[in-house]
Amino acid sequence: EAQVTQNPRYLITVTGKKLTVTCSQNMNHEYMSWYRQDPGLGLRQIYYSMNVEVTDKGDVPEGYKVSRKEKRNFPLILESPSPNQTSLYFCASSPFSRSRYEQYFGPGTRLTVT
Amino acid sequence: SQKIEQNSEALNIQEGKTATLTCNYTNYSPAYLQWYRQDPGRGPVFLLLIRENEKEKRKERLKVTFDTTLKQSLFHITASQPADSATYLCALVKGGFKTIFGAGTRLFVKA
C-alpha cells in the first residue's frame, strides 16, 4: 500500500531532550516536507526537500533540523525542544512531475514538550 | 508578507445543497493552488489542483475556480452529503515546492 509513515505517533518529552521524528514513504517520491499544525494557524511548512541531499527552509524552520540521506526517509530533528514546539506534526511527500503536484500526508505525530 | 485567508467561521448547509468555500491570498503569485480535505485527527487528503493559467477544474461533485486577478479561489461541493463534513484547506505552491496553507474552513452538512 502506498503510504507515508511517521513514528512515533504520540510523544511527550521534556524541554531540552533531543528527539527525532521519522518519516518514510514507499512511493519513490522526490519531494518531501514537514509541517506543523496549530489551532487557528493551519499547516505551516518547516522544511522541505526536493531530492536526496537537497533541503530548504519553509516558513518556520527555527529550532528544527532535517536530513535527506535516502530518498524514502526524511527525519525531523529537534535538538533542544521547547514548549512552543508542542504541536501536531505532519510529513508529506509528492512526485516531482509537471502533471502531479499533490502531496500525500502521513498520519501525524502529536508532540508535547513540558 | 504572504497571506492566505479562508473563512474562519464554520459553514453549515443542508444535505443536497451546494457548499462554496473561499480562499483569498495576498502578496503572492502562486504557480498553482491545491485543495485538501482533513478529518479530525488525520492528515490532509488531496482533492484538486488548479494551475495559474486555468480558470476552472472539476472532479465528480467538486469544482474549483481560480481568479488570479482577484487573487481568489472558490471550492464548490455540489449535492453535498453528511459524509462531506470535514475541514477543507487551500494551499498555494510556488516554484520549488514552497507551500503555504490556509487555516481551513470547517464544513458541516446536515441530513
Side-chain angles (χ1 to χ4, degrees), chain A residues 2-7 9-10 21 23 25 27 29-51 54-61 66 68 74 87-110, chain B residues 1-10 21-25 27-28 30-54 57 59 62 64 66 73 75 86-106:
Chain A
Q3 61 182 347
V4 178
T5 57
Q6 295 179 227
N7 282 293
R9 293 290 314 281
Y10 303 90
V21 183
C23 173
Q25 50 95 4
M27 296 169 279
H29 287 169
E30 287 78 10
Y31 166 74
M32 297 185 75
S33 184
W34 275 103
Y35 297 88
R36 61 178 289 175
Q37 188 172 37
D38 302 289
L41 295 177
L43 284 159
R44 291 181 292 167
Q45 193 174 41
I46 303 171
Y47 270 96
Y48 61 97
S49 168
M50 294 181 70
N51 215 324
V54 180
T55 63
D56 209 345
K57 295 178 181 178
D59 282 333
V60 289
V66 292
R68 188 91 180 273
F74 190 44
S87 188
L88 179 58
Y89 291 86
F90 288 102
C91 179
S93 72
S94 178
F96 191 71
S97 162
R98 284 187 176 274
S99 62
R100 297 180 59 198
Y101 292 101
E102 66 270 24
Q103 295 186 60
Y104 295 82
F105 283 81
T109 295
R110 188 165 291 281
Chain B
S1 64
Q2 299 146 359
K3 195 175 175 182
I4 299 178
E5 289 183 348
Q6 294 186 252
N7 293 349
S8 57
E9 290 184 16
L21 287 68
T22 305
C23 176
N24 295 299
Y25 61 95
N27 299 331
Y28 207 57
Y32 52 92
L33 185 147
Q34 301 173 328
W35 283 88
Y36 290 81
R37 169 186 173 136
Q38 187 175 23
D39 293 289
R42 293 178 166 263
V45 174
F46 172 79
L47 295 174
L48 278 171
L49 174 153
I50 187 164
R51 291 178 175 76
E52 59 180 337
N53 60 351
E54 296 175 322
K57 213 63 170 297
K59 179 182 176 183
L62 309 180
V64 172
F66 195 11
S73 175
F75 177 77
T87 296
Y88 291 87
L89 311 172
C90 77
L92 301 185
V93 185
K94 213 166 182 179
F97 289 105
K98 190 172 173 76
T99 307
I100 297 178
F101 276 85
T105 298
R106 189 86 170 89

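Proteins get letters first, then strands, A, B, ... in listed order; numbering begins at 1 in each. Excluded from the calculations below are hydrogen atoms, water molecules and symmetry mates; all remaining heavy atoms, backbone and side chain alike, are included. Note that the coordinates shown come from a computational prediction; the quantities given were computed from them, not determined experimentally.
Here the CD atom belonging to A/E102 is positioned 10.5 Å from the CG atom belonging to B/L48, to the nearest 0.5 angstrom. For the atom pair CD of A/Q37 and CD of B/Q38, the computed distance is 4.0 Å after rounding to the nearest 0.5 Å. If you take CZ on B/F101 and CZ on A/R44, they are separated by 13.5 Å, rounding to the nearest 0.5 Å.
Side-chain contact between B/T99 and A/Y35 is present, with at least one heavy-atom pair separated by less than 4.5 Å.
For the options B/A103, B/P44, B/G104, heavy-atom pairs under 4.5 Å to chain A are most numerous at B/P44.
The minimum heavy-atom distance between A/Q45 and B/K98, with the atom names listed, is OE1-CA, 3.5 Å.
Counting non-hydrogen atoms of other residues, nucleotides and ligands closer than 6.0 Å to CZ of B/R106 gives a total above 12. Within a 6.0 Å sphere centred on CZ of B/R42, other residues, nucleotides and ligands contribute 12 heavy atoms or fewer.
Proximity to chain B (any heavy atom under 4.5 Å) is shown, for A/Q6, by neither the backbone nor the side chain.
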